[in-house]
2 protein chains.
Amino acid sequence: MKEGPDIALLGSLIGDPARANMLTALMTGKALTASELSYEAGITLPTASAHLKKLQAASLISQRKSGRHKYFALADDEVGAVLEAIMGLAAKRGLLRTRTGPKDAALRRARVCYNHLAGELGVHIYDGMIARNYILADDDSLHLTDNGKAFVSGFGIDVDRLQNNRRPLCKSCLDWSARRSHLAGGLGTALLDRMFELGWASREKSSRVVKFTQQGEKQLLEQFAS
Amino acid sequence: MKEGPDIALLGSLIGDPARANMLTALMTGKALTASELSYEAGITLPTASAHLKKLQAASLISQRKSGRHKYFALADDEVGAVLEAIMGLAAKRGLLRTRTGPKDAALRRARVCYNHLAGELGVHIYDGMIARNYILADDDSLHLTDNGKAFVSGFGIDVDRLQNNRRPLCKSCLDWSARRSHLAGGLGTALLDRMFELGWASREKSSRVVKFTQQGEKQLLEQFAS
DNA sequence: TTCATAGTTTGATCATAAACGAAGTATTAT
DNA sequence: ATAATACTTCGTTTATGATCAAACTATGAA
């Protein structure tokens with residue numbers, strides 16, 4: 001009965017509503033200040049501070065001080081992936097926090113998953129890149145093929161710089177709404193950033209929703225078609 | 001801030017030590033009675049009963065009544081996968097419940113992950129089957145190739161019967177110790193069962209450890225070599 | 001029938017930890 | 001300097017929920 005890692009501690013950290021709200025807010029990928037997080041969670045600053053301390057102690061979040069502000073973010077991709085997985089389980093069990101609101105359709109369509117694109121459009125990209133042999137689901141990890149490298153470069157991304165990074169280039173991440181994989185890792189982040197750069201899409205304020213322009217969505221569907 | 005599914009509820013369910021112990025015990029894949037679970041969790045029967053009711057309400061476990069016994073099990077593979085993912089995160093953060101005990105090496109080597117094989121040997125099987133093109137990591141899901149089907153049949157598994165099942169045949173599941181994928185799904189279960197049948201390995205009582213015989217391990221390493 | 005075992009329900013107790021106000025530190029703005 | 005903002009620390013209050021004993025239901029055994 002005392003085997004393996006302590007899931008109870010992690011569970012209880014995620015299990016508090018205030019902390020869960022903070023973590024969900026951080027799933028937007030943006031680094032947020034303690035004040036912003038306290039607002040998101042609907043609690044006062046002192047309470048938020050205590051919560052953040054606990055999350056930090058478990059290395060679920062990272063912090064960076066900038067002047068009198070303190071910015072918090074998810075510690076790494078894996079934390080985001082696990083949160084997304086838990087959301088998937090919760091969604092499937094019908095444990096939805098609110099009745100399906102107006103935002104939900106948009107969330108399912110395209111949203112940010114910590115730092116990369118999730119939702120139907122995220123899955124579309126993943127499927128397209130697999131179908132065209134840009135990505136190879138070899139072994140456990142994903143690999144970018146030479147074809148894929150050419151394509152991504154043509155899309156305006158500096159692949160070599162990414163590869164020099166310690167961060168894994170390609171990773172798959174399971175989608176809670178579509179229940180399919182989408183692309184995470186350095187490349188996933190770079191692709192999303194580039195799409196913002198190209199003006200294909202923009203972020204909705206304090207939300208995970210990624211709003212594509214009509215043109216942007218058309219381009220995405222074409223250029224990443226299977 | 002009120003987007004998406006309610007992760008706090010799931011988190012708090014997993015976050016209680018007693019419930020976490022029960023869920024961990026159920027990760028052995030065996031169905032356990034309420035009494036057994038109360039013993040595993042170190043609590044009295046009434047308390048356990050209350051916990052099980054909550055887990056049931058969230059559809060994390062299933063129950064089956066047999067005479068005056070009530071058997072509990074994890075609701076499905078997805079629950080097991082998420083628990084394993086959380087263990088992975090916890091392990092990486094160094095949130096280990098106990099100092100690395102004698103069982104830990106055995107656990108890393110081979111253990112049961114709900115109903116299939118995990119640990120180094122589980123990963124070995126997965127790698128071997130991928131390398132030999134028995135399994136194709138296509139798209140999101142895994143497919144069993146014709147070669148693979150022949151191999152598995154030769155191993156003594158009735159593939160057709162498995163395929164008629166509603167349950168997905170192949171799924172990958174992330175390993176918390178090896179941080180690599182291993183084979184889950186109907187085929188994963190069937191393979192493990194067959195290995196027990198062949199006498200390659202046996203279960204350690206009330207533990208996730210799968211103990212391979214010297215011969216069994218040798219066979220496994222050879223027959224599933226990359 | 002009577003007894004024993006398995007599990008549930010109820011009610012009371014108790015500990016934990018979430019919450020906030022107030023006071024304290026640190027950084028920036030005026 | 002003074003003030004304002006951003007965050008932390010401390011101490012107190014409060015509510016939640018985990019726990020168990022005792023009583024209750026249901027199934028099986030003698």
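First the proteins, then the strands, lettered A, B, ... as listed; each starts at 1.
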So which atom in [X] and which in [Y] form the shortest heavy-atom distance, rounded to 0.1 Å?
X        : Y        : value
Ala18(B) : His51(B) : CB-NE2, 3.8 Å
Leu37(B) : Ala25(B) : CD2-CB, 4.3 Å
Ala8(A)  : Ala20(B) : CB-CB, 3.7 Å
Met27(A) : Gly80(A) : CE-O, 3.7 Å

*asked:* Can you confirm whether Leu183(B) sits close enough to His116(B) that some side-chain heavy atom of one is under 4.5 Å from a side-chain heavy atom of the other?
replied: no
What's the closest nucleotide to the side chain of [X] if the choices are [options]?
X        : options                   : value
Lys53(A) : dC20(C), dC20(D), dT9(D)  : dT9(D)
Lys70(B) : dA19(C), dA6(D), dT8(C)   : dT8(C)
Thr47(A) : dG28(D), dA19(C), dT5(D)  : dA19(C)
Arg68(B) : dA22(C), dA6(D), dA4(C)   : dA4(C)
Thr44(A) : dC20(C), dA17(C), dT27(D) : dC20(C)
Asp16(B) : dA6(D), dA17(C), dT19(D)  : dT19(D)
Lys65(A) : dG7(C), dT27(C), dA21(D)  : dT27(C)
Ala18(A) : dA19(C), dT9(C), dC20(C)  : dA19(C)
Thr33(B) : dA17(C), dG7(C), dA22(D)  : dG7(C)
Leu45(A) : dA18(C), dT8(D), dA21(D)  : dT8(D)

Contact under 4.0 Å: [X] side-chain N or O vs [N] OP1/OP2:
X        : N       : value
His51(B) : dT19(D) : yes
Ser49(A) : dT8(D)  : yes
Lys54(A) : dA18(C) : yes

Gap between atoms [atom1] and [atom2], on [X] and [N] respectively (whole Å):
X        : N       : atom1 : atom2 : answer
Tyr71(B) : dA6(C)  : OH    : P     : 10 Å
Leu55(A) : dC7(D)  : CG    : C1'   : 16 Å
Gln56(A) : dT8(D)  : CD    : P     : 11 Å
His69(A) : dC7(D)  : NE2   : P     : 6 Å
Asn21(B) : dA18(D) : CG    : P     : 14 Å
Gln63(B) : dG7(C)  : CD    : C1'   : 11 Å
Ile43(B) : dA21(D) : CD1   : C1'   : 15 Å
Leu13(B) : dA18(D) : CG    : C1'   : 13 Å

*Hey, does Ala48(B) reach any base, or is it just sugar-phosphate, or nothing, if we go heavy atoms under 4.0 Å?*
nothing
_Residue met sooner reading DNA chain C from 5', once Ser66(A) and Ala50(B) are mapped to nucleotides_ =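 Looking at DNA chain C, the more 5' nearest nucleotide goes with Ala50(B).
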*Determine, for Arg208(B) against Glu84(B), whether the closest basic-nitrogen to carboxylate-oxygen distance falls under 4.0 angstrom.*
yes
